[in-house]
Each structure stands twice: as C-alpha cells, then as structure tokens.
Amino acid sequence: MTGVKSRRELYSEATRAAVLEQATALFAERGYAGTLLEDVAAAAQVTRGAVYHHFAGKQALFEAVLDEQESRMMAAVRAAATSPDPWQAAMQALDAFLDRCCEPVYGRLCWQEAPTALGFQRWQEYEQKYAYGLVAGFIENLRESGGIETAATLETTVDFCFWMLGGAGLALVNTPETDKQRVRDEWGRLMQRALAGLRP
C-alpha cells in the first residue's frame, strides 16, 4: 500500500533520530573533538555500524546535528515574527534570535563547535545557507515597505546586519550563565538602536 512505511523503514528512522539526539547531547557536553562515534552509538544503544549506515563519519553526523539546530532556529525566528508591521516583525525576530543564542546547546554547537568541526570556510557556508537568507528576507521587507533607508546597497546592508547578529551570538556563547540575560538585553538594545538609525 502506497504511503505506508514498512517496519524496517520505521526502525531505520527511529535509529537515525536516536543517533541524532544522543550526538546532539554529547557534542554539546564534550565538544566535537571530545566525542567519539563509539560514544554516540553506545548512548543511542545501537551498533557503530548502525551509525555509519546513516552517517559517513563524525563530521557528517555533526553536520546533521547542525542542520537540525539551524532549522529550529529559523523556525523559532519566523514563528516569533507575527506582527503585520515589517519593523515590529523584525524586532520580534531579533528577540527570538537572541533568546535562541542564550540556549546552551544551540550556542555551543553553532557558535563554538561548528567553526572547529567544519573549518571556517565550511562554517561560513552554513551561516550563508541558514542565517544569511533569513536576515536578507527581513531587510528586503523593511526596505520595500519604507521601514529603512540606506545609502548602502542591499547586499552591504544585509552584510552589516548579518555580522552584527553574528557578533551577538559569539558574545553570548562566551558569557557566563549568570550574566547572559544582561548581555543579551544589552546587545538587543544596541542592535535596535543601530537599526533605528536606518529608519527614514
């Protein structure tokens, strides 16, 4: 019957999900360098061969974890931007992004471990794939609606906002938990002021 998955397919999907879940926890706890595939297999209660069945190696597994983290970030940001007003929607998105950067797992995996695990160039490709397009969409909406005006090109304006957000992410991941909320709020206020300077 079409559309009905076999028991083997369901088991395979469950195995992959379990490996991803445990890999996420271990990479976040021990870092990329300190995590072995054997550890992931043991935590997921599967064989090492089962891990290799789904992922070509440790880097491929880490990339799958990163894909999941970045996809959730994008979904959270888009879900937060509920205002029909493009400026308010952008501010809601900014708040959601900063909140996400305060989460220990996302922060460590995406801002600390990813550059090391993937290398700077590959990490930048990931950021372009996920965050850059998201930022570009909000900036384009603001320009088209007259919410911001800038003498710079659209590309330069997007780059400016993109790197500003990246700075916030890096700052927050390196901030002790006791100071994180304060630093998050300070970055939020500073970025709102910087963006407000682009308003007509």
Side-chain angles (χ1 to χ4, degrees), residues 24 27-28 62-115 117-118 120-200:
T24 300
F27 284 137
F62 183 83
E63 288 189 14
V65 166
L66 193 59
D67 277 325
E68 193 172 69
Q69 291 294 314
E70 294 286 17
S71 296
R72 287 180 180 176
M73 179 275 292
M74 291 179 69
V77 168
R78 287 187 173 126
T82 56
S83 175
D85 174 73
W87 176 262
Q88 291 302 324
M91 295 305 100
Q92 290 170 335
L94 173 60
D95 280 339
F97 172 76
L98 291 172
D99 287 342
R100 185 79 172 142
C101 288
C102 289
E103 293 177 9
V105 172
Y106 176 82
R108 178 162 190 187
L109 292 176
C110 296
W111 295 107
Q112 283 185 324
E113 297 303 321
L118 306 181
F120 186 77
Q121 184 61 43
R122 180 75 177 129
W123 176 56
Q124 285 301 297
E125 289 171 7
Y126 256 83
E127 291 303 303
Q128 292 281 333
K129 176 182 174 182
Y130 289 101
Y132 191 88
L134 193 62
V135 173
F138 281 105
I139 296 302
E140 285 173 18
N141 286 342
L142 284 170
R143 278 186 57 152
E144 287 171 7
S145 66
I148 60 171
E149 289 179 358
T150 169
T153 63
L154 176 63
E155 181 182 3
T156 299
T157 306
V158 172
D159 283 345
F160 170 74
C161 296
F162 174 73
W163 287 108
M164 188 164 52
L165 291 166
L170 288 170
L172 285 167
V173 78
N174 290 307
T175 299
E177 200 60 40
T178 50
D179 295 329
K180 197 154 289 206
Q181 187 62 44
R182 174 185 59 79
V183 174
R184 175 243 181 268
D185 293 342
E186 288 175 349
W187 270 90
R189 286 193 295 272
L190 287 170
M191 285 192 285
Q192 285 178 13
R193 289 184 182 182
L195 292 169
L198 301 177
R199 301 194 79 177

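Residues Asp95 and Arg184 approach most closely at O-NH2, 3.2 Å, considering heavy atoms. Counting all heavy atoms, side chain and backbone alike, Cys101 lies closest to Leu172 at CB-CD1, 3.8 Å. Closest of all the heavy-atom pairs between Gln92 and Ser83 is OE1-N, 3.0 Å. Across all their heavy atoms, Leu195 and Ile148 have their closest contact at O-CG2, 4.4 Å. Across Phe162 and Ala131, no two heavy atoms sit closer than the pair CE1-CB, 3.9 Å. Heavy-atom minimum distance, Thr153 versus Arg143: C-NH1, 3.6 Å.
The structure places OH of Tyr132 at 10.0 Å from CH2 of Trp163, a figure rounded to the nearest 0.5 Å. Interatomic distance, Met73 CE to Phe97 CZ, rounded to the nearest 0.5 Å: 6.0 Å. Between the CG atom of Leu142 and the CG atom of Leu198 there is a distance of 9.0 Å, given to the nearest 0.5 Å. Atom CZ in Phe160 sits 9.5 Å away from atom CD1 in Ile139 (nearest 0.5 Å). The distance from atom CD of Gln69 to atom CD of Glu103, rounded to the nearest 0.5 Å, is 8.0 Å. Taking CE of Met191 as the start and CG of Leu94 as the end, the distance is 4.5 Å to the nearest 0.5 Å.
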*Output, in order, the C-alpha distance, side-chain angles, deciding distance and verdict of side-chain contact (heavy atoms from CB on, under 4.5 Å) for Glu113 and Phe62.*
CA-CA 9 Å; Glu113 297 303 321; Phe62 183 83; 3.9 Å; yes
Q.
Would Leu190 and Met164 count as a side-chain contact (heavy atoms from CB on, under 4.5 Å) here? Give the steps.
A. CA-CA 10 Å; Leu190 287 170; Met164 188 164 52; over 6 Å; no
>> Would Tyr106 and Val173 count as a side-chain contact (heavy atoms from CB on, under 4.5 Å) here? Give the steps.
In response: CA-CA 9 Å; Tyr106 176 82; Val173 78; over 6 Å; no
* **Verdict with reasoning, Arg182 to Glu186, per salt bridge (charged side-chain N to carboxylate O under 4.0 Å, His left out)** => CA-CA 6 Å; Arg182 174 185 59 79; Glu186 288 175 349; 3.2 Å; yes
Review point. Could you walk me through whether Met74 and Arg100 pass the side-chain contact (heavy atoms from CB on, under 4.5 Å) check?
Key: CA-CA 10 Å; Met74 291 179 69; Arg100 185 79 172 142; over 6 Å; no
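A donor-acceptor contact shorter than 3.5 Å is absent between the side chain of Trp187 and the backbone of Leu165. Side chain of Arg78 to backbone of Ala93: no donor-acceptor contact under 3.5 angstrom is found. Between the Gln192 side chain and the Met91 main chain, no donor and acceptor come within less than 3.5 Å of each other.
Annotation: side chain of Glu140 is not in contact with side chain of Val158 (no heavy-atom distance under 4.5 Å). Residues Val105 and Phe27 are not in side-chain contact: their nearest non-hydrogen atoms beyond the backbone lie 4.5 Å or more apart.
In summary, Glu70 and Lys129 do not engage in a salt bridge, as defined by a charged side-chain N under 4.0 Å from a carboxylate O.
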